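Working notes, structure below.
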Amino acid sequence: MKRWVMAIGDWFDARLRVRESILPMLTHPIPAGAAGPMGWWYVFGSASLTLLLIQILTGIGLALVYVPAPDNAYSSLLALNYDVPAGWFLRALHYYAGSGMVVMVLAHMTQVYLHGSYKYPRELTWLAGVLLLLCVLGMFFTGQILRWDPDAYWGLAVGGSMAGRVPVMGSWVVDGLLGGPIIGGNALSRFFALHVFVIPGALLAVLAVHLWLVLKCGISEPPIPGQLVDPKTYDAAYEKELKTGVPFLGEAMIKDVLFSALVVIAVVALAAVLGPSGPTAPVDPSMTGASPRPEWPFLWLFGLLSLSPPATETFIILVFPAILVVALLLVPFVSNRGERSPRRRPIAVLSVVVIYAVAGALTYQGITAAWSPHMIAWSGAPVPEDIVRRSSPAELQGAVVFQYKDCRNCHALEGKGGLRGPDLTDVGKRLTRNQLIDQVSNGTPGGGLMPAYGQQMPDAEMTALADFLVSLRPPDQPPAHSTGTEQP
Amino acid sequence: MNEPHLNPQTTPPAPPARRDFFQTILHWTTYAAGGVAAAAVGLPFVGFLLGSLRKSPEKWVSLGPLGRFPQGETRLATFMSPLGQAWDGKAAHTGVYVRCLDKDKQQFVIFAMNCAHLGCPVSWFPQSGLFMCPCHGGVYYANGECASGPPPRGLFQCAWRVRDGRLEVQAPHYPTLQNTLRAEDQS
């Protein structure tokens, strides 16, 4: 029996020539150090690849049911969630494996950067890796649009408006992006084509180059402090290192396999426990009250924008991300020689710490950003009872004005309401009556955050509102008193 | 088993002049045919892609009899956009804010729903007389002027006309800073 199998195998190999082409690739020697305990640092790339396989598999599955047309996209997603057996699981897994891919690609990139593995002769491998990161992020953004709920729709609108700020050719870029005068079937089909054909095609092509380079340039040896990279001598030294190398297929690969398996188990568990993400509601652009937030890989940009003055927005939206990408692409050209060990590259380590700390803080800001007004607070969040328990009739009237004029949409009382403006629970001890009237009448000078309400309410309402605002302070505290410099 | 390998240096030489001539003809014919083939595929494809940049003809939508829009008030009028595709479903359901300035002189101002900042749908709050955007806090006065927040300009205004006692709006495309809804708004 075994002889038969061998004979059949030989027959195929005589034609396919796998033994002389593919097999040597799999068994190519890698530095012994990378196969030892240090090899645990090398597992993130293969984990990204494993998750990519899950994405392809689940993506094909989802494409069997999903309808990329606005009139039925939502119902086909509901069918996946509720009718199709395991459809909900495929959607959830596609989301969490995709998220995992972003995490693994970033971890891989960080490891390569910290270990100086991008230095000679692996500069091109790094460049391909940066392109792969862009592909993965592109998949995340386009995938979010396919969910076709109000978040996706208005997210696309925001993306369109951002593209519209490209100097001179803005309106062409928008038309090219949306594929028509309104955001509808053409836009969804475009993002479907991008998500299913264009970006995956680019990703696989760049990935082929990336893997080819990994084979041709070899896996970098674990860095040793004091062992410098010099393009003149590196190749010979690496060649020598491989004399004691171990084949990739076998002991060296087992860490990759184990780690990939653990990652797969983790994303499957996340998918099974947390379930699919959305869709939240069908799209109807005539319904107001959207509040789209980007998916988590882009929240840092949202957070940054929420902290920035409007004048810098176009720069942050269009130029800043491009600067980041160029900076990443330039990394191996800034320094492709010298120390590789993170122990001797304090600035590299520090920059990683700073970048992750800033990105983390901005992401937190993006999650909690008080950028958006609370559109239903004027009617949905009544004035807390303890605030008005001892109010005069005029102050009570002012409380009604406060709600009715939608002040609450941006100003919280006792933490409830919009957070765009300051919480006014004790504004009476901070601002005098005249300051309050000035602020309400004129808003933020120079077109800031607060509109001028001077024309929006009659004098009687303004007086009552001022009475109410002055009364907003703890009972044992006096109202703010005017200083000499204040103009009445 | 060994196949005879053709070695260019040992092949018997053809009469040089004629052979070179035909080789050259063959090469140039190949380049030309390849170029024609590439253009024959590429040009229609590029044309197809650029088709999305074509301006669609203007279309007018009736918002109903003038009586629907009381003087001095702002009303949301919704309709199915004629600019979409047959398979757009509710994604083509959109709206505009109509403000009647003068009933007798039939003067109106019509705003697109999209915030001039990044396109989110603004809500009209009649009690405070403000439009508020839910996304990034853009606020506009009743006349569409920006009141506060990040918008770089006021609300986009739509072209309108009165036909047979009905108010009509020119169906708005998705408005952006460089592609507004009225010729007079174009910067």
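So you know, we letter chains A, B, ... as the sequences are listed, proteins then strands, and number each from 1. Hydrogens, waters and symmetry mates are skipped; everything else that's a heavy atom, side chains included, is used. In this text the structure is predicted, and so the values were computed from the model without any measurement.
- Along residues 163-173 of chain B, the residues that come nearer than 4.5 angstrom to chain A, judged on non-hydrogen atoms, are P172(B), H173(B) in order of number.
- Contact annotation for L178(A): only side-chain heavy atoms (C-beta onward) come within less than 4.5 Å of a heavy atom of chain B.
- Counting heavy-atom pairs under 4.5 Å between each of G160(A), A163(A), G164(A) and chain B puts G164(A) at the top.
- Between chain B and the residues P309(A), G184(A), P373(A), the largest count of heavy-atom pairs under 4.5 Å involves P373(A).
- With W87(B) as the fixed residue, the side-chain contact (heavy atoms from CB on, under 4.5 Å) test singles out one of N72(A), N186(A), V67(A): N186(A).
- Contacts between residues 102-116 of chain B and chain A, counted as heavy-atom pairs separated by less than 4.5 Å, involve M113(B), N114(B).
- Between atom OG1 of residue T94(B) and atom CE of residue M287(A) there is a gap of 13.0 Å, rounded to the nearest 0.5 Å.
- Residues S161(A) and Y174(B) come closest through the heavy atom pair OG-OH, 2.8 Å.
- D88(B) contributes a side-chain N or O that, together with a main-chain N or O of G185(A), makes up a donor-acceptor pair within less than 3.5 Å.
- Under the 3.5 Å distance criterion, the side-chain polar atoms of S148(B) are matched with a main-chain donor or acceptor of L449(A).
- With a 4.5 angstrom heavy-atom cutoff, L76(B) touches chain A only via side-chain atoms.
- By the 4.5 Å heavy-atom criterion applied to side chains, M169(A) and Q178(B) are not counted as neighbours.
- For residues 118-127 of chain B, a heavy-atom distance under 4.5 Å to chain A picks out L118(B), G119(B), C120(B), P121(B), V122(B), S123(B), F125(B), Q127(B), given by residue number.
- By a heavy-atom distance cut of under 4.5 Å, S128(B), G129(B), L130(B), M132(B), C133(B), P134(B), C135(B), H136(B), G137(B), V139(B), Y141(B) are the residues of residues 128-141 of chain B near chain A, going up by number.
- Comparing Q455(A), R165(A), R293(A) by heavy-atom pairs within less than 4.5 Å of chain B, the highest count is held by R165(A).
- Of the atoms belonging to V168(A), it is backbone heavy atoms, and not side-chain ones, that fall under 4.5 Å from chain B.
- Only the side chain of R190(A) comes within less than 4.5 Å of a heavy atom in chain B; its backbone stays farther off.
- The side-chain heavy atoms of K90(B) and V283(A), taken from C-beta on, include no pair separated by under 4.5 Å.
- Contacts between R420(A) and chain B at a heavy-atom distance below 4.5 Å involve the side chain alone, from C-beta outward.
- Among P150(B), P151(B), P175(B), A92(B), the residue making the largest number of heavy-atom pairs under 4.5 Å with chain A is P150(B).
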